[in-house]
Each structure stands twice: as structure tokens, then as C-alpha cells.
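Contents: one structure, followed by commentary.
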Protein chains: 2
Amino acid sequence: MRPYGQFCGLARAAEILGQRWALLVLRDLLVGPRRYSDLAAGLPGIPSNVLAARLKELEQDGLVAREARSGADRSVVYLPTRRAEALVPVLDALGRWGAADMRVPREGEVVTEAALVSSLRSAIQRDARRLRPRSTYQVTIADLTIHVAIDGDDVRVAPGPHPDPDLVIATGPGLRDLLAGAVGPEQAIAEGIVELSGDQTAFGDFVATFHVPYAST
Amino acid sequence: MRPYGQFCGLARAAEILGQRWALLVLRDLLVGPRRYSDLAAGLPGIPSNVLAARLKELEQDGLVAREARSGADRSVVYLPTRRAEALVPVLDALGRWGAADMRVPREGEVVTEAALVSSLRSAIQRDARRLRPRSTYQVTIADLTIHVAIDGDDVRVAPGPHPDPDLVIATGPGLRDLLAGAVGPEQAIAEGIVELSGDQTAFGDFVATFHVPYAST
DNA sequence: CGGGATCCCCCGAGATACTG
DNA sequence: CAGTATCTCGGGGGATCCCG
């Protein structure tokens, strides 16, 4: 990591986070602890040596901790430190900014589990008017499944299915338009952007809970 | 700019802002319009070809606009677009995060005008209790001079001297401790971290207006 | 003199293979 | 499973040159 030679917080941040793949490694770790091979699988295209180098650097910079699990499963697990967790609101803001002119996947772009979870997390509107105080959702895109559990102001987004979702939503990249409000809930249903099963009256609540606008101009 | 191949706002942001020097070029432009040579001078160590390449890419990405000034001074000026301005709160947060474990300059690190202005801007506490509703300050570090004008909740930080400052503050990298609250106003005076001239009673107001904490642990 | 373009060198990323 | 080893290649670092 070549230094910028400036006594400046932004320059220091850029030295760490400007490294190739660094932001995405952190994004994945901030969704939950990951093993080396989890990370490799969740970051299609990352060269193995680059992943190893990033993890080593991020550990040295105090953002990532290695935990060697003992016992039957003696794999190595990487987890974010408190310093990395302090980045969550920053990465959320960065992600929303980047999403502002992201409407349709480019050729060959994929959606990963961490991308989906962190996108929805960054989109949470805690003050949204809700139809119901508690609700649970399961969202599927291609072969990915995540879930959302809302309890009052507490909104949780996490990987994997939900044991007992009120509503199951199957969708695709068109979800982006829905989050931006460019497509309303009824229109999304009508146009087949989403397929619902379960308590369909909860869908409005789901849509109101998340928002990531498009760039104004 | 090699794509990450993920349909994800953070990945899109990383493709643009993860480029070497990109964040610092934007930081400088967000302080004010700059000519090519202004940028080169404000970013010590940036290779000329890299600056040219970044500007071209940032223009293509819709973050930077070129404006060819006509008339006597027919220089080219670069300015941030609205899309770049939407980054201001994000870069502020990033800079504060980076500053959280930045206490002392590393060997050879310098302070630039844009670094100083944007650091102070990101540190503004709009809800700070003030001794006086209006006040103006001039801050000098080495050969750099910037100024601050406070009018109620309106706090402005800009390059250059102020025509009629209430208080002139000469300081150095020790300003970092002051912003973090690790050193109080009186202590800063006593230890020679700052040298004041003018209305010294305004110094407490100045200190209360800006805050960038150190990392907790 | 401002605003770049060009050249060469080298590091770090990409790709792939291989090992404890 | 968790990396290291090796090779290639594009882009950055540094200096110099060029053009209006």
C-alpha cells in the first residue's frame, strides 16, 4: 500500500480502502464471519493471491481478525473488528451513492449474497410508516435467498431463508427499480418484476421499508 | 477501470473511487474549481499522466466537468458536477473514519490546503453551543492559510486568509489533538500547540465548533 | 507558462498451478 | 481447506518532452 504522503483522514482511508477488492472483502465480512473459501466464493473473479494479500493487510491495519477455530472444524475464520464495524454507515452511504446511477446489470454482472444483504441493509428506512409492527420476509434472486425480520423500528437483514416468513418474494434485478420507487408495488406485481407467495398485503410494508433513490438528473 | 462484475452499489462506487488518487482529486475539486496545475501542485507526488487519466475518467463518469475559460486567461478549469457534490457527506464520513486513528504525521507527510479545508468542513458541529453567534477565524499551518466564518448555524470553511478575522490561529499538526478533544483549549495555549492573536476569548468557540474523535480503542 | 503527452521501469493485479 | 508459487501484463511512478 503506497502512502499518499498527506496528513489527511481521507488520504489515510484511501490508502486502506482504495486497494483493489478491499471494499468488497469488508462488505462480505460485515455481513458475517467468513472463511477464506467463503470469501473466494462470494467474490467471483478475485485472484487467490490478492485475497490472501488483502486479508493480511486488513489484519495489519486492524480491520480484520483471524480466528483459528479449534475442535472438529479447524478452519480459519475472518471477522471484522470494531474499527471495521465503524465503517458500516460509511460503506452504506458509499453503496447508496454508487447505486444512484445503477439501474440495470451490465453485461456479465452478478448479484451475490453479501451484495444483496448489504444493499437492503443500507436501504432501511427506520421511520417508514408500517402497516404492521412485526413482519418477516424471504427474498430470492436467482439461487440466492435472504430474509428480513421487522419488529417495530428494528429491521434485520440476514443471509439465508427464514423459518416462517409472512411473505416470500421472488424477484430479480428489477428489484432495483422497486427500491428506487421508479416502480410501485402494484406495478411490480402487474409487470411480473416480483412473484409473491404468502401474505401479499405485507408487500406494501416491505417496499416502504427500503429506499435507494436514483440520481436526480 | 476494471469492473468487479457485481450488480452492487458499493462495487460500482469502488470502480470509480478506488482508482489511485481519485478520492484526493475529488477532495481538492470539492474545495473549489481547480486548474490542472493547481491540482498537480495540491497533490504532491501525483504523476502527470495519472492526473490526466483520472480527470478524463472522472469526466466520463460524470463527476468532473471541464470548462475552457475564454478571454485573456484561457486556461482550463475543472469543477465537480452535482453527482460529485452528492459525495460530500460520504467523503466527510470517510475522512473522519480515516482520521480516527491518525494522530501524528508519518515521516514525510505534509498538510495541503484542500486537506485542511475539507478536514475542518467534515468536523463541523452545527449544534455546538457558541459563545457568540458570529465570528471569523483565520487558521495558519506552515505556509497554508484558510479561514472560517460562523454565522449562527452557518459555518463556512474556505481557503485563503480572511479580510478581518476576530481571531488568528497559528498552529501545526497538533491541531489534530485539539479536534479530537484530547487536548483542551487552555492546554493547547499553555503547551504552545496554538498561538493566538486577536480576540482570544473566541478560541473556545472555535474549538467547540469542530470535532473529530479518535478511535475508541 | 499552462496543459498536457510520451517514455521507461517496475510493482501489483490477474490467472493458474501447486502444496501443507 | 487455506493458502503459496510463478508467470504475465496493465497501470502507476518518475522524468522528460512537446504544443499552443
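Just so it is clear, the values below take in all heavy atoms, side chains as well, and ignore hydrogens, waters and symmetry mates. To find a chain, count down the sequence lines: A is the first, B the second, and so on, and within it residues start at 1.
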Practice item. Enumerate the residue pairs fulfilling side-chain hydrogen bond (donor to acceptor under 3.5 Å, both in side chains) with a member in residues 141-159 of chain A, sequence neighbours excluded, ordered by first and then second residue. Key: A/Thr140-A/Thr145, A/Asp154-A/Arg156
Check your understanding: What residues, two or more places apart in sequence or in another chain, satisfy ring pair (Phe, Tyr, Trp, His ring centres under 6.0 Å) together with A/Phe210?
Key -> A/Phe206
**Study point:** Under 4.0 angstrom between A/Lys56 side-chain N/O and D/dT4 OP1 or OP2
**Key:** yes
**Study point:** Whole-Å gap separating C1' (C/dC1) and CZ (B/Arg35)
**Key:** 10 Å
Check your understanding: For the pair made of CG in A/Leu55 and C1' in D/dA2, what is the distance, rounded to whole Å?
Key -> 11 Å
Practice item. Find the bend of the helix from C/dC1-D/dG20 to C/dG20-D/dC1 as the angle between its two terminal axes (five pairs each), to the nearest 10°. Key: 30°
Practice item. May I ask you to decide if A/Arg35's main-chain N or O and A/Asp38's side chain share a donor-acceptor pair within less than 3.5 Å? Key: yes
**Study point:** Phosphate OP1/OP2 of C/dG4 contacted by B/Arg66 side-chain N/O (<4.0 Å)
**Key:** yes
Check your understanding: What is the per-nucleotide protein-contact pattern of nucleotides 10-18 of chain D, from the 5' end, where B denotes a base atom under 4.0 Å from a protein heavy atom, S denotes such proximity for sugar-phosphate atoms only, and - denotes neither?
Key -> --SBB----
Study note, to complete from the structure: For residues 170-182 of chain A, the side-chain hydrogen bond (donor to acceptor under 3.5 Å, both in side chains) pairs (sequence neighbours left out) are A/Asp177-A/Tyr214
Report, one line per pair, each donor and acceptor closer than 3.5 Å where one atom sits in a side chain of residues 46-53 of chain A; sequence neighbours left out.
unit_1	atom_1	unit_2	atom_2	d
A/Ser48	OG	A/Tyr36	OH	2.9

Exercise for review: Mind checking salt bridge (charged side-chain N to carboxylate O under 4.0 Å, His left out) for A/Arg54 and listing every partner two or more places apart, or none if nothing turns up?
Suggested key: A/Glu57
Practice item. Indicate whether OP1 or OP2 belonging to C/dG2 is found under 4.0 Å from a side-chain N or O atom of B/Ser37. Key: no
Check your understanding: Between A/Asp38 (CG) and D/dA2 (P), how many Å, whole number?
Key -> 7 Å
Check your understanding: In chain order, what residues pass the ring pair (Phe, Tyr, Trp, His ring centres under 6.0 Å) check against B/Phe7, with sequence neighbours excluded?
Key -> none
Review point. What's the CD-P distance between A/Glu15 and C/dG12, to the nearest Å?
Key: 14 Å
Review point. C/dA15 C1' sits how many Å from A/Leu43 CG, rounded?
Key: 16 Å
Review point. How close or far is atom C1' of C/dG3 from atom CG of B/Leu39, stated in whole angstroms?
Key: 12 Å
Review point. Side chain of B/Thr136, backbone of B/Asp164: donor and acceptor closer than 3.5 Å?
Key: yes
Check your understanding: Is there any ring-ring contact (aromatic ring centres under 6.0 Å, His included) pair reaching into residues 76-117 of chain A, and which pairs are they, with sequence neighbours excluded?
Key -> none
